[in-house]
Amino acid sequence: MQWTLVIPVKPLARAKSRLSDTAADGLRPGLALAFAQDTVAAALACPAVKDVAVVTDDPLAGRELGALGARIVADEPHGGLNAALAHAAAVVRATRPESAVAALNADLPALRPLELARVLDAATEFPRAFLPDAAAIGTTLLAAREGVELRPAFGTDSRARHRASGAEELVLDTVDSVRQDVDTGADLRAALALGVGPRTAAQAARLLIPGQ
């Protein structure tokens, strides 16, 4: 089975505010874009991925991620993250109703294509499935097989919310790159330790993070 991934990217000027202890205001938009670029590039290189749809209203993010090969979907609902993901999934299935769809975070700069393939392959066993983040509180991926509604419930305590919604929690070893999202300086250091993509590495070098 091959999947269409739906990746949400908020306006870059408002992205990654929790990184304020690590990156100044002027650097955070570039860092958020680099995360998304490395995430999309790795996703497109994954053998289990057919294509990637990025839902965003940010012009720069749309141009840069479209240049990598992603389809850009406008955030027409303007109703927050979950509404944007549900809208993008509906747009994908309007032309390909048989598509298996997975929502993936845009802040996975250490993402490895083969680790993502392992997660998606495991998700094929269930109608809906999700992968918790490295902190075991949130969610980095929510998958819905063909004919199954995505029903995203991202946000605070999304691991518990997705489990309560009936989605199967995927318990997998050695998929750290798919679980390591970046919200804080500590998260960024953990991602750097795993090995990030080239765009994030270049941006992180400007932050003069000790040990990098």
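Just so it is clear, the structure is predicted and the values come from calculations on it, not from any experiment.
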Between [X] (side chain) and [Y] (backbone), is there a donor-acceptor pair under 3.5 Å?
X      : Y      : answer
Arg199 : Gly197 : no
Asp157 : Ala160 : no
Glu115 : Ser177 : yes
Arg14  : Lys10  : no

Test log, rule side chain to side chain contact (heavy atoms under 4.5 Å, CB included), inputs Leu19 and Leu31: CA-CA 10 Å; Leu19 277 171; Leu31 197 58; 3.8 Å; yes

Do [X] and [Y] come within less than 4.5 Å of each other through their side chains, counting heavy atoms only?
X      : Y      : answer
Gln180 : Asp133 : no
Leu188 : Phe35  : yes
Thr56  : Asp75  : no
Phe126 : Glu169 : no
Leu131 : Thr139 : no
Thr124 : Arg145 : yes
Val171 : Pro132 : no
Ser99  : Glu146 : no

Which atoms form the tightest heavy-atom contact between [X] and [Y], and what is the distance?
X      : Y      : value
Pro77  : His87  : CG-CB, 3.5 Å
Asp38  : Pro109 : CB-O, 4.0 Å
Ala123 : Ala143 : CB-CB, 3.8 Å
Gln37  : Leu68  : O-CD1, 3.6 Å
Val55  : Ala88  : CB-CB, 3.9 Å
Arg28  : Ala23  : NH1-O, 3.0 Å

In Å, rounded to the nearest 0.5 Å, how long is the span from [atom1] of [X] to [atom2] of [Y]?
X      : Y      : atom1 : atom2 : answer
Leu65  : Arg63  : CG    : CZ    : 11.0 Å
Phe130 : Arg151 : CZ    : CZ    : 12.5 Å
Arg118 : Leu170 : CZ    : CG    : 10.5 Å
Thr39  : Leu104 : OG1   : CG    : 6.5 Å
Ser165 : Leu142 : OG    : CG    : 7.0 Å
Arg159 : Thr140 : CZ    : OG1   : 11.5 Å

Hydrophobic clustering (ILVMFWY, side-chain heavy atoms < 4.5 Å, transitive) - are [Y] and [X] grouped together?
X      : Y      : result
Leu194 : Leu111 : no
Val101 : Leu120 : no
Val9   : Val49  : yes
Val178 : Val40  : yes
Met1   : Val52  : yes

Thr156-Arg161 side chain donor-acceptor pair, cut-off 3.5 Å: no

NZ/NE/NH1/NH2 to OD/OE distance under 4.0 Å, Glu168 and Arg128: no

Arg96/Asp51 salt bridge by N-O under 4.0 Å criterion: yes

Positive for side chain to side chain contact (heavy atoms under 4.5 Å, CB included) with Leu141, one of Asn105, Leu116, Leu108: Leu116

Whether Phe154 and His162 hold their rings parallel, tilted or perpendicular, with breakpoints at 30° and 60°: perpendicular

Qualifying residue for salt bridge (charged side-chain N to carboxylate O under 4.0 Å, His left out) with Lys16, from Asp187, Asp181, Asp183: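 Of all the options given, the one that passes is Asp183.
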
Intermediate values then yes/no, side chain to side chain contact (heavy atoms under 4.5 Å, CB included), His78 and Asp57: CA-CA 9 Å; His78 300 289; Asp57 276 342; 2.6 Å; yes

Arg206 and Leu27: CA distance, side-chain angles, deciding distance, side chain to side chain contact (heavy atoms under 4.5 Å, CB included) verdict: CA-CA 9 Å; Arg206 300 175 62 191; Leu27 295 178; 3.3 Å; yes

